[in-house]
Trainee: 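Structure provided below as structure tokens; questions to follow.
Chain naming here is simple, since letters A, B, ... match the order of the sequence lines and numbering starts at 1 in each.
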Amino acid sequence: MKKNFTQQVYDVVRAIPRGKVLTYKEVATRAGNPGAFRAVGNILNKNYNSSIPCHRVVRSDGKTGGYNRGAKMKTKKLKQEGAII
DNA sequence: CATTTGACGCCAA
DNA sequence: TTTGGCGCCAAAT
């Protein structure tokens with residue numbers, strides 16, 4: 001099954017275990033395009049699915065970035081899960 | 001089909 | 001060390 005970059009991003013993000021966080025660049029690299037970190041955020045933003053814990057995807061700067069439900073809640077959820085940024 | 005946007009990352013000053 | 005600017009890819013309009 002040939003997965004496109006977008007599909008890979010979904011799969012990678014969905015595979016993030018609780019209490020763990022990945023950077024956009026890490027997700028992009030796992031998806032097969034180390035330089036498409038921009039597209040990763042774009043895809044998640046335009047395709048927010050409840051099955052995808054996008055709140056576990058953070059920036060490389062240590063910031064949580066944005067979130068459809070509110071970046072504030074995203075950070076809160078991460079802390080609640082025990083994720084270390 | 002071409003252009004703009006976007007939840008970013010890295011380099012230079 | 002911190003701030004600013006530039007570059008990248010994919011999707012949406």
Trainee: Tell me: CD1 of Ile43(A) to P of dG6(B), nearest whole Å?
Mentor: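 That distance rounds to 16 Å.
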Trainee: Need the pair for dT1(C). Rule: Watson-Crick or G-U wobble, both distances under 3.5 Å, any strand; none if unpaired.
Mentor: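 Partner of dT1(C): none found under 3.5 Å.
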Trainee: Take the protein atom CG of Asn42(A) and the nucleotide atom C1' of dT13(C), then report the distance between them rounded to whole Å.
Mentor: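 Going from Asn42(A) (CG) to dT13(C) (C1'), I get 13 Å.
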Trainee: Quick one: does Arg56(A)'s side chain have a donor or acceptor within less than 3.5 Å of a partner on Ile16(A)'s backbone?
Mentor: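 Yes; at least one donor-acceptor contact below 3.5 Å.
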Trainee: Between Lys63(A) and Asp61(A), is there a side-chain N and carboxylate O pair less than 4.0 Å apart?
Mentor: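 Salt bridge absent between Lys63(A) and Asp61(A).
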Trainee: By nearest heavy atom, map Val40(A) and Thr23(A) onto DNA chain B; which one lands nearer the 5' end?
Mentor: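 Nearer the 5' end of the strand: Val40(A).
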Trainee: Name the closest nucleotide to the Ala36(A) side chain, picking from dA7(B), dA12(C), dC9(C).
Mentor: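 Of dA7(B), dA12(C), dC9(C), dC9(C) is nearest to the side chain of Ala36(A).
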Trainee: Given atom CG of Asn47(A) and atom C1' of dA11(C), what is their separation to the nearest angstrom?
Mentor: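 Rounded to the whole Å, the gap is 8 Å.
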Trainee: I want to verify a distance call: between dA7(B), dA10(C), dG9(B), whose nearest atom is closest to the Lys74(A) side chain?
Mentor: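 Within the option list, the nearest is dA7(B).
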Trainee: Using both distances under 3.5 Å as the test, list the Watson-Crick or G-U wobble partner of dT4(B), or none.
Mentor: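 Base partner found: dA11(C).
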Trainee: Counting only N and O atoms by type, is there a donor-acceptor contact under 3.5 Å from the side chain of Lys74(A) to the main-chain atoms of Arg69(A)?
Mentor: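 Not confirmed, Lys74(A) side chain does not pair with Arg69(A) backbone.
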Trainee: So, is Thr6(A) near the phosphate of dA11(C), with a side-chain N or O under 4.0 Å from OP1 or OP2?
Mentor: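 Answer is yes, contact under 4.0 Å.
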Trainee: For a quick test of reading the model: is some side-chain N or O of Lys25(A) closer than 4.0 Å to OP1 or OP2 of dC10(B)?
Mentor: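 Yes, because at least one side-chain N or O of Lys25(A) sits under 4.0 Å from OP1 or OP2 of dC10(B).
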Trainee: Is Asn68(A) side chain donor-acceptor paired with the dA7(B) base, going by distance under 3.5 Å alone?
Mentor: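 By the distance-only test, yes, there is a pair.
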Trainee: Find the distance Lys46(A):NZ to dT4(B):P and express it as a whole number of Å.
Mentor: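 From Lys46(A) NZ to dT4(B) P: 14 Å.
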Trainee: Expressed as a whole number of angstroms, how long is the span from Lys63(A):NZ to dC10(B):C1'?
Mentor: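 My rounded result for the distance is 14 Å.
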Trainee: Roughly how many Å is it from NE2 in His55(A) to P in dA7(B), rounded to a whole number?
Mentor: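 Rounded to the whole Å, the gap is 19 Å.
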Trainee: Classify the side chain of Tyr24(A) and the base of dA7(B) as holding, or not holding, a donor-acceptor pair under 3.5 Å.
Mentor: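 A donor-acceptor contact between them is present.
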Trainee: Could you give the CG-to-P distance, from Asp61(A) to dA7(B), as a whole number of Å?
Mentor: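 The distance from CG of Asp61(A) to P of dA7(B) comes to 15 Å, rounded to the nearest Å.
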Trainee: Verify, without hydrogens or angle tests, whether Lys25(A) (side chain) and Pro34(A) (backbone) share a donor-acceptor contact under 3.5 angstrom.
Mentor: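 A pair under 3.5 Å: no.
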Trainee: Are the side chain of Asn47(A) and the backbone of Ile43(A) linked by a donor-acceptor contact shorter than 3.5 Å?
Mentor: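 Such a contact is found between Asn47(A) side chain and Ile43(A) backbone.
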Trainee: If you compare every side-chain N and O of Arg59(A) against the phosphate oxygens of dA7(B) (OP1, OP2), does one of them come in below 4.0 Å?
Mentor: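 The answer is no; no side-chain N or O of Arg59(A) sits under 4.0 Å from OP1 or OP2.
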Trainee: Nearest whole angstrom, please: distance from the P of dG6(B) to the OH of Tyr67(A).
Mentor: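 Those two atoms, OH and P, are 20 Å apart.
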Trainee: Can you tell me if the side-chain N/O atoms of Asn33(A) get under 4.0 Å from OP1 or OP2 in dA10(C)?
Mentor: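 Checking dA10(C) against Asn33(A), a side-chain N or O does come within under 4.0 Å of OP1 or OP2.
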